[in-house]
Amino acid sequence: MLVRDILDAPQLRMRLLHGDTAELERPVARVCATDMPDPRPFVTAGALVCTGLVWRQDATDSDRYVGMLAEAGIAGVVAGQALHGHVPEDVVAACEKHGLPLLSAPQSVPFSRIIEYLAEQAAELRWRRVQSRVDRQRRLLAAMAGGSSVGDLIADMALEQDVSAWVVTATGRVIAGTAPISEDELDRIVGTALTAPRLPAVTTGAVRVLQVGAGDRITAWYLAIRPATTEPEVFGADLAAMTELYRQRSMERLHLDWELIDRFPAQPADRADARAVAVVCELRPDETLSGIGLPEVRVALHDVLPGVTTSVDRDGRLIAIVDGSQDDTADALRRRLGRLAPALAGARLAFGVSAQQSDETLPGTIAAAAAAATAAQDDGAAVSVRVADIDTAVGLFTAVPGGLQRRFAERVLGPVVDYDRKTGAGLLETLEVYLGCEGSWRQAADRMHLHLNTVRYRIGRIEELTGRDLGHMEDRLDLYLAMRTLTAHAAPA
């Protein structure tokens with residue numbers, strides 16, 4: 001209810017003494033009556049304060065008293081006339097000065113009638129809200145029973161409430177929405193959904209996020225509403241409840257597919273498709289913290305990779321086969337599964353990705369992806385993805401676990417590292433430049449601004465320390481892989 005509503009109520013016969021349009025549009029949360037010398041302990045923000053002006057002894061009291069009411073954040077003042085027979089001009093001036101609307105109540109209208117009127121109006125408003133919610137729920141159920149999609153449901157309710165709304169998964173897949181949405185906005189929505197102590201919660205972009213259904217946050221859907229309505233809890237809760245029915249249907253279909261695939265697995269050789277990309281996931285849970293298992297990760301994979309087929313092998317690894325590009329698949333895993341990191345609670349997901357080559361069987365592709373997944377476990381990130389580029393020596397090296405890569409580099413170049421540490425001779429830098437110049441003494445010397453003989457001396461010293469001959473291809477490859485590992489901490493994928 002607004003101050004204007006009380007002014008316009010015919011049974012109260014209020015008269016406006018001061019108040020502009022904006023002041024009369026202030027909401028009234030409650031009505032209270034006070035004539036205490038200091039009213040602040042007895043009033044609250046948003047209240048309409050009824051006063052008999054008992055506190056006014058002379059004109060100087062008005063500015064002080066009304067100032068205290070304004071400081072408390074009240075909505076307005078109702079002044080009684082019983083004591084003075086009218087409302088003094090100094091009271092009107094004080095209300096004008098402090099920006100408070102001032103209404104005058106006739107002597108025949110006690111303050112108790114004003115309080116009763118507000119209570120009656122509040123009860124009627126609550127009843128209308130209940131009726132409106134029941135009507136809304138009936139319409140939502142009728143629309144669902146009539147075959148409306150979740151997108152239709154969201155669009156209709158968002159139009160009615162004048163909001164934008166989206167249903168998204170924990171990986172940022174948009175199930176339905178009323179407007180385009182950026183990846184940055186999805187990051188904020190998912191980040192809030194996965195990290196807020198409780199939901200509903202509001203993102204930094206003023207989007208209200210509600211969880212659709214109960215359960216873990218990784219497999220949940222989320223309803224995002226912008227801007228918040230006047231009653232977002234009521235509207236959002238109803239829409240989220242209806243959306244949960246769609247989510248349950250989707251999960252039932254997905255689990256039925258899994259049951260059929262797991263019970264009657266197709267042989268990998270059945271699919272001779274050069275566009276097939278294999279994804280293998282290894283899950284390393286934190287036994288003290290995480291409740292995350294392969295079923296949750298499996299749901300997330302279906303969110304990230306549309307059209308994917310998944311199964312669990314005898315070693316407990318999640319195997320996924322999807323059409324498309326190896327690099328696009330890896331990018332999607334990094335971008336979207338990376339959003340799950342805050343909700344993993346100590347668990348670590350390692351993914352290996354490998355594209356089937358024209359002369360390669362699918363089991364071979366899966367094996368390459370599995371090797372890359374094993375190597376990815378050493379990356380230490382909550383979600384790590386490695387591509388099994390095994391068509392080059394460097395790519396093949398990525399399938400080696402990171403720990404073994406580092407041990408290899410330390411064995412090959414350890415003496416050179418120690419020598420540089422003791423003497424500052426710069427042998428490692430010289431080796432890196434020399435290899436980058438494809439073994440050209442002259443180019444290496446020019447790039448480092450050194451004499452040609454200095455480069456030759458340093459390379460000779462490296463050969464002595466490592467026992468490798470840079471004139472031999474095998475030895476040069478050893479030093480090249482070891483150098484890449486030391487400079488990048490792991491050979492790049």
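Small disclaimer: the values here were computed from a predicted structure and weren't measured. Numbering of residues begins at 1 and proceeds along the displayed sequence.
To the nearest 0.5 Å, atoms OG1 (Thr466) and CG (Leu479) are separated by 5.0 Å. One distance of note links SG of Cys281 with CG of Leu294; it measures 6.5 Å at 0.5 Å rounding. Here the CG atom belonging to Asp20 is positioned 10.0 Å from the CD atom belonging to Glu25, to the nearest 0.5 angstrom. Remark: Arg468 CZ to Asp475 CG distance equals 6.0 Å, nearest 0.5 Å. Of the inter-residue distances, the one linking Ile218 atom CD1 with Thr169 atom OG1 reads 11.0 Å to the nearest 0.5 angstrom. Rounded to the nearest 0.5 Å, atoms CG (Leu362) and OG (Ser354) are 9.5 Å apart.
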(message) Is there a side-chain contact (heavy atoms from CB on, under 4.5 Å) between Glu429 and Asp420? Walk through the geometry before answering.
(response) CA-CA 10 Å; Glu429 180 187 4; Asp420 271 354; over 6 Å; no
(message) Between Leu428 and Val417, is the side-chain contact (heavy atoms from CB on, under 4.5 Å) condition met? List the steps.
(response) CA-CA 7 Å; Leu428 277 177; Val417 173; 3.7 Å; yes
(request) List the steps and the verdict of side-chain contact (heavy atoms from CB on, under 4.5 Å) for Leu431 and Leu470. (result) CA-CA 10 Å; Leu431 176 61; Leu470 281 164; 4.2 Å; yes
(request) Evaluate side-chain contact (heavy atoms from CB on, under 4.5 Å) for Met1 paired with Tyr117, printing each intermediate quantity in order. (result) CA-CA 11 Å; Met1 178 174 291; Tyr117 173 78; 4.1 Å; yes
(message) Could you walk me through whether Gln248 and Glu244 satisfy the side chain to side chain donor-acceptor pair (under 3.5 Å) test, starting with their C-alpha distance in whole Å, then the side-chain angles of each, then the deciding distance to 0.1 Å, before giving a yes or no?
(response) CA-CA 6 Å; Gln248 289 179 3; Glu244 168 62 4; 3.0 Å; yes
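Put simply, the side chain of Leu349 reaches to within 4.5 Å of the side chain of Leu283, judged on heavy atoms. Inter-residue side-chain proximity for Val383 and Leu344 is flagged as met; some heavy-atom pair is nearer than 4.5 Å. At least one side-chain heavy atom of Ile154 sits under 4.5 Å from a side-chain heavy atom of Thr243. At least one side-chain heavy atom of Met251 sits less than 4.5 Å from a side-chain heavy atom of Val299. Taking the side chain as every heavy atom from C-beta outward, Val3 and Val28 approach each other to under 4.5 Å. Between Phe351 and Thr329, the closest side-chain pair of non-hydrogen atoms is not below 4.5 Å. Proximity of Val277 to Ser325: side-chain heavy atoms (C-beta onward) are nowhere separated by under 4.5 Å. Using a 4.5 Å cut-off on side-chain heavy atoms (C-beta onward), Val279 and Thr310 make no contact.
Contact between Ala482 and Phe408 at its shortest, heavy atoms only, is N-CE2, 3.7 Å. For the pair Pro101 and Leu24, the tightest heavy-atom approach, listed with the atom from each and the gap, is CB-CD2, 4.2 Å. Minimum interatomic distance between Val308 and Ala320 (heavy atoms only, all atoms of both residues): CG2-CB, 3.6 Å. Shown here for Asp478 and Val412, the closest heavy-atom pair between the two residues is O-CG1, 4.3 Å. When all heavy atoms of Leu223 and Ala240 are compared, the pair lying nearest together is CD2-N, 3.8 Å. When all heavy atoms of Trp258 and Pro295 are compared, the pair lying nearest together is CH2-O, 3.7 Å.
Proximity of a side-chain donor or acceptor of Arg217 to a complementary backbone N or O of Ala170 within less than 3.5 Å is not detected. With hydrogens and angles ignored, the 3.5 Å screen pairs a side-chain donor or acceptor of Gln326 with a backbone N or O of Ala355. At distances below 3.5 Å, at least one donor-acceptor pair connects side-chain atoms of Thr178 with backbone N or O atoms of Ala165. The backbone N or O of Leu254 sits nowhere less than 3.5 Å from a side-chain atom of Asp257 that would complete a donor-acceptor pair.
Annotation: side chain to side chain contact (heavy atoms under 4.5 Å, CB included) contacts of Val304 (sequence neighbours excluded): Thr171, Ala332, Leu333, Arg336, Leu337. Residues forming a ring-ring contact (aromatic ring centres under 6.0 Å, His included) with Tyr222 (at least two apart in sequence, or on another chain): none.
Within 6.0 Å of atom CD in Glu183, more than 12 heavy atoms from other residues, nucleotides or ligands are found, so the atom counts as buried in its surroundings.
Residue pairs meeting the side-chain hydrogen bond (donor to acceptor under 3.5 Å, both in side chains) criterion with at least one partner in residues 184-193, sequence neighbours excluded, are Glu185-Arg188, Glu185-Arg226, Asp187-Arg335, Asp187-Arg339.
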